[in-house]
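In what follows, a single structure is set out as structure tokens and then discussed.
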There are 2 protein chains.
Amino acid sequence: MQKEIEVFKDSLKKANQKITHQRLKILQSFLNTEKHVSCDELYQMVRRQNPEIGYATVYRTLKLIQGAGLAREVDLGDKISRLEHEYGHKHHDHLICLECGKFLEVFDPEIEELQERLAKKQNFTPVRHKMDIFGYCQKCQEKERDGHK
Amino acid sequence: MQKEIEVFKDSLKKANQKITHQRLKILQSFLNTEKHVSCDELYQMVRRQNPEIGYATVYRTLKLIQGAGLAREVDLGDKISRLEHEYGHKHHDHLICLECGKFLEVFDPEIEELQERLAKKQNFTPVRHKMDIFGYCQKCQEKERDGHK
DNA sequence: TCTGAAATTGAAAATCATTTTCAATTATAC
DNA sequence: GTATAATTGAAAATGATTTTCAATTTCAGA
């Protein structure tokens with residue numbers, strides 16, 4: 001956490017941007033949750049501690065946090081962009097339940113390897129990738145079976 | 001193409017929806033392009049032949065086309081939803097260039113297999129998945145190297 | 001073929017997430 | 001400390017998509 005704050009500050013300095021009270025508060029709130037927050041959710045969290053911080057500033061700061069490599073966008077099928085922690089968190093894929101919306105994070109080195117190879121075969125230099133599997137989680141399948149409907 | 005139109009009509013009938021002039025025209029325009037069209041692009045295409053068809057109708061009809069299993073959404077990293085043909089088109093993944101925005105469609109049965117297995121391991125029943133690899137295409141890499149910048 | 005209920009249409013307004021504008025404030029290099 | 005360039009909050013603007021609503025169209029059944 002201390003480390004992330006340093007990374008953030010360094011990233012700002014490098015870009016000639018200022019280290020402000022608001023930016024640090026917003027980063028802190030982001031680091032405090034392990035959820036995949038939407039911007040609005042984060043704004044609500046920030047607001048509890050610092051009601052004077054505006055919506056636009058949260059949006060702007062989230063871009064900076066992404067720019068610093070501390071967050072990455074995830075797409076859970078709805079249209080709003082959510083962020084998950086990137087720094088110190090391994091890349092992973094998502095299993096997203098179409099029924100309840102919950103998701104699992106998974107990682108398979110074999111798949112990663114094949115993805116890399118697949119790209120190379122097309123003379124394509126991969127930078128990052130996104131793999132989301134949509135389907136039904138165990139709980140929702142059981143619900144379906146028992147309560148059928 | 002004739003086949004797709006039948007699929008569409010059947011899907012409408014099943015849902016107690018009506019087969020209208022507008023819907024058929026919009027479907028036709030969609031089928032006529034192999035591009036990954038955004039709704040706006042499709043509207044422009046439709047408009048050339050049928051200026052009386054409204055924007056909202058194009059949006060509404062695209063949802064129906066998706067519902068009939070004739071189109072699927074693709075996410076090329078920008079925020080607008082684009083559609084590609086689904087019917088009679090094999091599933092595939094995308095290699096998306098961060099520089100020029102162009103993309104390749106690729107398919108790797110080994111990866112598909114592993115994805116299936118990965119989901120099963122979590123007692124997750126996969127329905128569909130999305131895999132997008134972002135990076136730099138051959139052309140943009142060359143441009144970078146030669147013109148450097 | 002005609003009729004009527006239900007579905008659909010186009011245009012405009014509404015919505016929702018996100019971005020921009022702008023005057024006032026603040027961080028920081030000197 | 002001071003100047004200046006970056007940042008802020010609030011409100012307005014944006015852009016994609018959805019909804020509203022009165023007028024029109026489809027189509028099942030007479």
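Note that this is a predicted model, so its numbers are computed, not measured. Sequence lines set the chain letters: A, B, ... in the order given, protein chains first and strands last, and positions in each chain run from 1.
For B:Gln17 and D:dA28, the CD to C1' distance is 17 Å, given to the nearest whole Å. Rounded to whole angstrom, the span from the CD1 atom of A:Ile19 across to the P atom of C:dT28 amounts to 6 Å. Computed from coordinates, the A:Tyr43 OH to D:dT8 C1' distance equals 13 Å when rounded to whole Å. B:Leu64 has its CG atom 14 Å from the P atom of C:dA7, to the nearest Å. Computed from coordinates, the A:Lys9 NZ to C:dT28 P distance equals 9 Å when rounded to whole Å. In this structure, the CG atom of B:Asn50 is 14 Å from the C1' atom of C:dT9, given to the nearest Å. When the C1' atom of C:dT28 is taken as reference, atom CG of A:Leu12 falls 13 Å away, rounded to whole Å. Separating the CD atom of A:Glu41 from the C1' atom of C:dT18 is a distance of 16 Å, rounded to the nearest angstrom.
Scored by the salt bridge (Lys or Arg N to Asp or Glu O under 4.0 Å) test, B:Arg82 finds B:Glu41, B:Asp78 as partners (sequence neighbours excluded). Applying the salt bridge (Lys or Arg N to Asp or Glu O under 4.0 Å) test to A:Glu84 and every residue at least two apart in sequence or in another chain returns A:Arg72.
When the side-chain nitrogen and oxygen atoms of B:Arg23 are compared with OP1 and OP2 of C:dT9, one or more of them lie within a distance under 4.0 Å.
Position along DNA chain C of the nearest nucleotide to B:Asn16 versus B:Ile53 favours B:Asn16 as the more 5'-ward residue.
With a 4.5 Å cut-off between side-chain heavy atoms of Ile, Leu, Val, Met, Phe, Trp and Tyr, the cluster of B:Ile80 takes in none. As a member of the Ile/Leu/Val/Met/Phe/Trp/Tyr network built from side-chain separations under 4.5 Å, A:Phe124 groups with A:Leu95, A:Leu104, A:Val106, A:Ile111, A:Leu114, A:Leu118, A:Met131, A:Ile133, B:Leu95, B:Leu104, B:Val106, B:Ile111, B:Leu114, B:Leu118, B:Phe124, B:Met131, B:Ile133.
Checking A:His89 against A:Glu105 by side-chain atom types alone, no donor-acceptor pair falls below 3.5 Å.
Sorted by first and then second residue, the salt bridge (charged side-chain N to carboxylate O under 4.0 Å, His left out) pairs involving residues 106-125 of chain B (not counting sequence neighbours) are B:Glu113-B:Arg117, B:Glu116-B:Lys120.
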Contact state string [nucleotides 12-25 of chain D, B base, S sugar-phosphate only, - no protein heavy atom under 4.0 Å]: ----SBBBB-----
